[in-house]
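Right, one structure below, let's go through it.
Below, read A as the first sequence line, B as the second, and so on, with proteins coming before strands; counting in each chain starts at 1. This structure is a prediction, so every number in the text was calculated from the model and none was measured. No hydrogens, no waters, no symmetry mates; every other heavy atom, side chains included, goes into these values.
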Protein chains: 2
Amino acid sequence: MTRPHDLRRPLTLRDVSEASGVSEMTVSRVLRNRGDVSDATRERVLKAAKTLGYVPNKIAGALASQRVNLVAVIIPSLSNLVFPKVLSNISDELEDTGLQPVVGVTNYSPEKEEQVLYEMLSWRPSGVIIAGLEHTDAARAMLLNTDIPVVEIMDVDGEGIDSVVGISHRRAGLHMAEAIIAAGYRQIGFIGTKMPEDHRARKRLEGFKEGLAKAGIALADAEFYSGGSALAKGREMTEALLKRNPNLDFIYYSNDMVGAGGLLYCRDHGLDVPNQIGLAGFNGLDLLDGFSQRLATMDACRGKIGRKAAQIVAERSQGGQATGEVIEMEPVLQLGDTIRKP
Amino acid sequence: MTRPHDLRRPLTLRDVSEASGVSEMTVSRVLRNRGDVSDATRERVLKAAKTLGYVPNKIAGALASQRVNLVAVIIPSLSNLVFPKVLSNISDELEDTGLQPVVGVTNYSPEKEEQVLYEMLSWRPSGVIIAGLEHTDAARAMLLNTDIPVVEIMDVDGEGIDSVVGISHRRAGLHMAEAIIAAGYRQIGFIGTKMPEDHRARKRLEGFKEGLAKAGIALADAEFYSGGSALAKGREMTEALLKRNPNLDFIYYSNDMVGAGGLLYCRDHGLDVPNQIGLAGFNGLDLLDGFSQRLATMDACRGKIGRKAAQIVAERSQGGQATGEVIEMEPVLQLGDTIRKP
DNA sequence: ATGAAAGCGCTAACAT
DNA sequence: ATGTTAGCGCTTTCAT
């Protein structure tokens with residue numbers, strides 16, 4: 001079979017139009033299921049398009065219609081396990097709306113975020129879902145200047161640009177502190193990442209300290225790591241912390257992965273968790289379900305946040321005019337097996 | 001300050017042109033660093049663009065120039081940990097080429113893959129990087145019909161469409177079998193996912209069986225799981241397998257995560273790994289570095305594969321005409337602590 | 001160094 | 001139910 005387009009010129013509507021003997025406009029209507037087209041015509045057009053192997057040019061379509069079915073999703077990282085989860089929920093929620101997520105990764109760099117945002121906005125997407133409330137001035141300006149829905153996700157502790165869906169990390173930290181104190185622990189240490197740009201982790205720690213302070217307690221010690229496998233770092237840092245400060249009876253970790261590393265260390269060294277020492281992380285990673293003891297944690301509502309954010313964008317791109325909603329989810333404390341029962 | 005575009009009409013080149021008193025064409029040149037423009041003019045244009053908050057419309061630009069700086073990356077999943085790694089390497093490699101990856105996720109469904117591919121091709125990207133060699137007929141046809149570089153990644157066991165970068169999963173399985181036999185294990189079980197569409201896992205198992213067969217051994221038993229946390233499943237399935245078949249002296253897992261679950265089970269039940277029972281997984285996940293014993297595994301070369309695929313696309317989009325390369329990487333066996341030394 | 005004109009491949013709006 | 005026309009906002013090409 002000789003394909004007339006072996007010239008390697010991408011096919012256009014015109015090619016389909018000629019092959020089917022119908023006007024370009026009608027072909028366009030068929031391909032988009034728009035307007036009235038007779039069944040006979042529809043058949044012929046579809047057959048021609050399929051035979052030729054026509055793939056519509058969305059660039060031209062978007063320019064003509066001023067409509068782009070893309071939603072920009074801007075997140076700090078994909079290796080964090082938190083964000084793939086958010087993403088897949090966004091993706092699921094968008095499934096039947098005709099909208100498609102497009103992902104941009106910033107590596108926790110504000111400058112990279114600005115750049116990725118600029119790049120994505122230049123494709124005129126139908127909405128932006130972006131992690132966090134902290135952006136460069138230029139990024140804020142871009143978001144304020146656009147007329148598409150903007151949803152900032154994960155965090156509600158701060159001022160949003162348009163809509164906001166997330167949890168209060170400050171209160172999450174605070175509640176964890178309260179639970180730990182209620183369980184009777186007093187010598188409390190912290191292990192977290194050395195990431196100045198991870199504002200949510202920072203806010204959790206601030207809230208945590210605040211919770212301790214309410215009970216008249218100060219953080220006994222802290223370690224910050226960067227890079228490497230979180231699990232391995234959790235193990236190392238826990239050892240370091242406990243060697244330096246053998247009196248500790250609790251360690252709060254900035255995420256479940258480091259916490260799990262700590263748990264492994266404690267088990268390997270015969271420490272009685274949760275009686276001798278208690279542990280807690282953050283996120284509610286089901287990844288860790290298989291551990292011998294379930295780490296105390298707090299569900300970050302990642303799935304729900306993704307779904308809700310996608311819903312907001314979808315509704316507004318369908319004409320909904322609501323704007324500036326702030327939706328706060330309530331993270332649930334899971335005591336697991338690493339905090340002793342009061 | 002009143003912004004004239006508070007009408008919420010997206011700004012165009014024309015607006016910048018008027019604001020700076022220079023023709024649209026010159027503005028365009030400045031914004032793309034193309035052609036000769038006097039420093040004075042450049043300054044004025046840039047200032048005007050910045051003041052207005054102009055964001056170029058890539059849709060129009062792409063239509064006019066027939067050039068799109070996007071690379072479609074189509075992968076089965078983001079929660080697998082394997083793919084985020086590949087992705088971030090692609091992203092890094094593309095960093096300075098002006099190309100941008102755009103991700104599509106198929107959930108291991110061939111139909112979804114076809115649909116995602118169609119969607120992405122309709123944006124006329126500069127290249128396609130797609131996981132695996134197995135596609136629907138329609139998807140194959142689309143890929144064959146396009147004139148942009150196509151790189152199929154992860155797997156080399158089969159026929160490629162254009163370029164292929166990956167490892168032989170069949171040989172990976174085979175080599176693992178050889179190593180296990182060399183270490184003296186004889187009663188060998190397998191635990192893996194029940195995913196008919198995960199062709200790479202299937203090929204590994206086939207190669208593994210082949211390796212056993214060469215030594216006159218058959219798989220003693222096998223379990224297949226689906227859904228849920230891989231770590232928890234590894235624990236459960238290991239228990240099931242060992243209860244049913246206490247004679248087993250080795251379990252081969254289809255990935256490191258289930259393998260780690262199995263390792264946790266064995267340690268919790270006082271089984272001596274690797275003497276009483278040996279374990280091995282697949283992937284070389286550094287995620288697991290913090291475990292007390294390092295699981296035997298085989299590096300899947302995910303990072304290198306991503307980089308090379310991105311290189312191929314980048315080179316060809318710059319005019320390189322090479323085509324149809326098949327690049328096979330060599331996965332390295334890491335004995336870790338869960339295979340006894342021969 | 002700068003500008004003018006044409007057109008990329010579609011779709012909105014208006015015929016018929 | 002189908003066709004015609006006029007752009008969408010840029011870049012290419014050719015002038016100057």
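A/Trp123 places a side-chain heavy atom less than 4.5 Å from the side chain of B/Leu70.
Inspection of the A/Asp162 and A/Thr323 side chains reveals an N or O donor paired with an N or O acceptor under 3.5 Å.
At C/dA1, none of the side-chain N or O atoms of B/Ser38 fall inside 4.0 Å of OP1 or OP2 (strictly under the cut-off). Side-chain nitrogen and oxygen atoms of B/Ser23 include at least one within less than 4.0 Å of the OP1 or OP2 phosphate oxygen of C/dG3. A sub-4.0 Å separation between OP1 or OP2 of C/dA1 and a side-chain N or O of B/Thr26 is absent.
Closest non-hydrogen pair, B/Ser126 versus B/Val313, comes out as O-CG1, 4.3 Å. When every heavy atom of B/Ala131 is checked against every heavy atom of B/Glu113, the shortest pair comes out as O-OE2, 4.0 Å.
Rounded to an integer number of Å, the gap from CZ of A/Arg29 to C1' of C/dT16 is 12 Å. One atom, CG of A/Asn57, and another, C1' of C/dC8, lie 9 Å apart when rounded to the nearest Å. Atoms CZ (B/Arg44) and C1' (C/dT2) sit 12 Å apart, rounded to a whole Å. What separates CG of A/Leu11 from C1' of C/dC8 is a distance of 16 Å, to the nearest Å. Atom CD of B/Glu24 and atom C1' of C/dG7 are 14 Å apart (whole Å). Distance A/Arg34 CZ to C/dA12 C1': 11 Å, rounded to the nearest Å.
Within the nucleic acid shown, A/Asp36 comes within 4.0 Å of at least one base atom, counting heavy atoms only. Within the nucleic acid shown, A/Arg14 has no heavy atom closer than 4.0 Å to any nucleic acid atom.
The local environment of CZ in A/Arg32 is crowded, with over 12 non-hydrogen atoms from other residues, nucleotides or ligands closer than 6.0 Å.
Comparing atom distances between the B/Leu63 side chain and each of C/dG3, C/dG9, C/dA1 picks out C/dG9 as nearest.
Sorted by first and then second residue, the salt bridge (Lys or Arg N to Asp or Glu O under 4.0 Å) pairs with a member in residues 125-141 of chain B read B/Glu134-B/Lys203; sequence neighbours excluded.
Think of the region where chain A sits on DNA chain D: with heavy atoms and a 4.0 Å cut, that region ends 5' and 3' at D/dA1 to D/dG9.
Sequence order on DNA chain C of the closest nucleotides to B/Ala64 and B/Met25 puts B/Met25 first from the 5' end.
Side-chain atoms of B/Arg124 and base atoms of C/dG9 include no donor and acceptor less than 3.5 Å apart.
Between B/Glu93 and B/Lys308 there is no salt bridge, since no side-chain N of the basic residue sits under 4.0 Å from a carboxylate O of the acidic one.
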